[in-house]
2 protein chains.
Amino acid sequence: MADSISAVSHWLERLSALHRNLMRRFAAEEGLQLVHVEILQYLTVCNRYSDTTQTISEYLGQTKGSISQSLGHLEENGFIKRSQDKVDKRVFHLALTAKGNSVALRMLNSINLEGADKLEPALKTMLASIQKKNGLKGFGTCQSCKFNQSPGKNSFVCGLTNEKLSVDDVKKVCKEHEPLVSGE
Amino acid sequence: MADSISAVSHWLERLSALHRNLMRRFAAEEGLQLVHVEILQYLTVCNRYSDTTQTISEYLGQTKGSISQSLGHLEENGFIKRSQDKVDKRVFHLALTAKGNSVALRMLNSINLEGADKLEPALKTMLASIQKKNGLKGFGTCQSCKFNQSPGKNSFVCGLTNEKLSVDDVKKVCKEHEPLVSGE
DNA sequence: TCAAATCAGTTTCGATTCGATACTATTAAT
DNA sequence: ATTAATAGTATCGAATCGAAACTGATTTGA
């Protein structure tokens, strides 16, 4: 009997709904849509390989056309700014403005998840398992990525791009992330 | 430093997004919208006090007008059926048809959350805490509800409605749920 | 070399949802 | 009996969503 699986799925569903309700409520107070604050939050955690329209659409699971519209709205209202990639001129990098950053931070603080710290390791494991099973991109940080190399203390290099990464860089979320160890 | 809080919120956000993506993908395969399968899933777990338009709108955090529309669509296409309450004629109870139930079950199985069982207690605690902190309804099961009374083995009574509850009843989710012990 | 294929991103379109408001019908309160 | 509250529906405008067509830049490969 898949009773325990059903139960977990139900709790997860409930947690999802709850979390989204809180986000939506916050968004409404700011005159924004849910998807807008989801984008702002994502931009606070993603690295420079993952701050594009395409990547956001993969992360949030919506079409890039739809995301493109939302990004247009966010830029018009001064929450984000775009900058064209120096090398590949098709690519535009997205970044939070001071205004956008402030909204994202306030949201993080308003959605208080007291006592949830203990959940973090289990959540990460669970995420990795779900992503793997469904053939979805990783979106993890360099610390747990097999491409990350550390030739010295506080010195990092991405084995995929061969670029040097700062201490802050390796804390961010990357679309190319692949887990170090294959977790069962 | 709210570093750990931010991290958990981020993982939760990611888990939310992922879970919704899987649900949306499944919904699309069935020719349904995300909200439709969310409703179907909810109807598999809610009890007879919680199977109404109003309650679903509270659970999913959307207006009852919007939910009413979606319910209309689901009924037209034979996924659910309505029945008027015998006592209060304003109320209509919702139930899954065989077709609707089959869809909900297939979704549960398709969204495989292997290894997640260990998360369940922590998830429940976390949910209760979030709900309490934000003044939201509980949506828990009778087992953890302060209204639930058990005069004998496998015999249950709801102290709120004074109705007898079956063994199956007390496993379901209720909008009137209030936790037994005040967590934290 | 240069045409074809691919890719990032935008635009446009129709369908659908969403929230707000007004509305009907039933029940509860005074 | 009148009034207020509640469950649910209907309607409307705004916004999202996915699909598809469309730029412009990059890569492929013959």
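The sequence lines fix the lettering, A, B, ..., with proteins before strands; numbering per chain opens at 1. Any value given below was found using the heavy atoms of this structure, including those in side chains, with hydrogens, waters and symmetry copies removed.
Rounded to an integer number of Å, the gap from CG of A:Asn77 to C1' of D:dA15 is 14 Å. The CZ-C1' distance, from A:Arg20 to C:dG19, rounds to 15 Å in whole Å. Computed from coordinates, the B:Lys86 NZ to C:dT26 C1' distance equals 17 Å when rounded to whole Å. The separation between B:Leu60 atom CG and C:dC18 atom P is 9 Å, rounded to whole Å.
Between B:Thr141 and B:Val170 the shortest side-chain heavy-atom distance does not fall below 4.5 Å.
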Distance-only donor-acceptor hits, side chain of residues 155-163 of chain B, under 3.5 Å, sequence neighbours excluded:
from, atom 1, to, atom 2, distance (Å)
B:Thr161, OG1, B:Tyr49, OH, 2.9
B:Thr161, OG1, B:Glu163, N, 3.3
B:Glu163, OE1, B:Tyr49, OH, 2.4

Listing, residues 95-103 of chain B side-chain donor-acceptor contacts under 3.5 Å, not counting sequence neighbours, or none:
from, atom 1, to, atom 2, distance (Å)
B:Thr97, OG1, B:Gly78, O, 2.7
B:Thr97, OG1, B:Phe79, O, 3.0
B:Thr97, OG1, B:Lys99, N, 3.4
B:Thr97, OG1, B:Gly100, N, 3.1
B:Lys99, NZ, B:Asn77, O, 2.7

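Under the 4.0 Å criterion applied to side-chain N and carboxylate O atoms, B:Glu75 and B:Arg82 are assigned as salt-bridge partners. Taking the charged nitrogens against the carboxylate oxygens, A:Arg20 and B:Glu38 do have a contact shorter than 4.0 Å, which makes a salt bridge.
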- Message: Protein within reach of the bases, or only the backbone? For nucleotides 5-16 of chain C, mark each nucleotide 5' to 3' as B, S or -, using heavy atoms under 4.0 Å.
- Response: --BBBBBB---S

- Task: Check the pair B:Ser66, B:Thr63 against side chain to side chain donor-acceptor pair (under 3.5 Å), reporting the backbone distance first and the verdict last.
- Result: CA-CA 5 Å; B:Ser66 176; B:Thr63 59; 4.7 Å; no

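Residue A:Arg24 has no polar side-chain atom (N or O) positioned under 4.0 Å from OP1 or OP2 of C:dC18.
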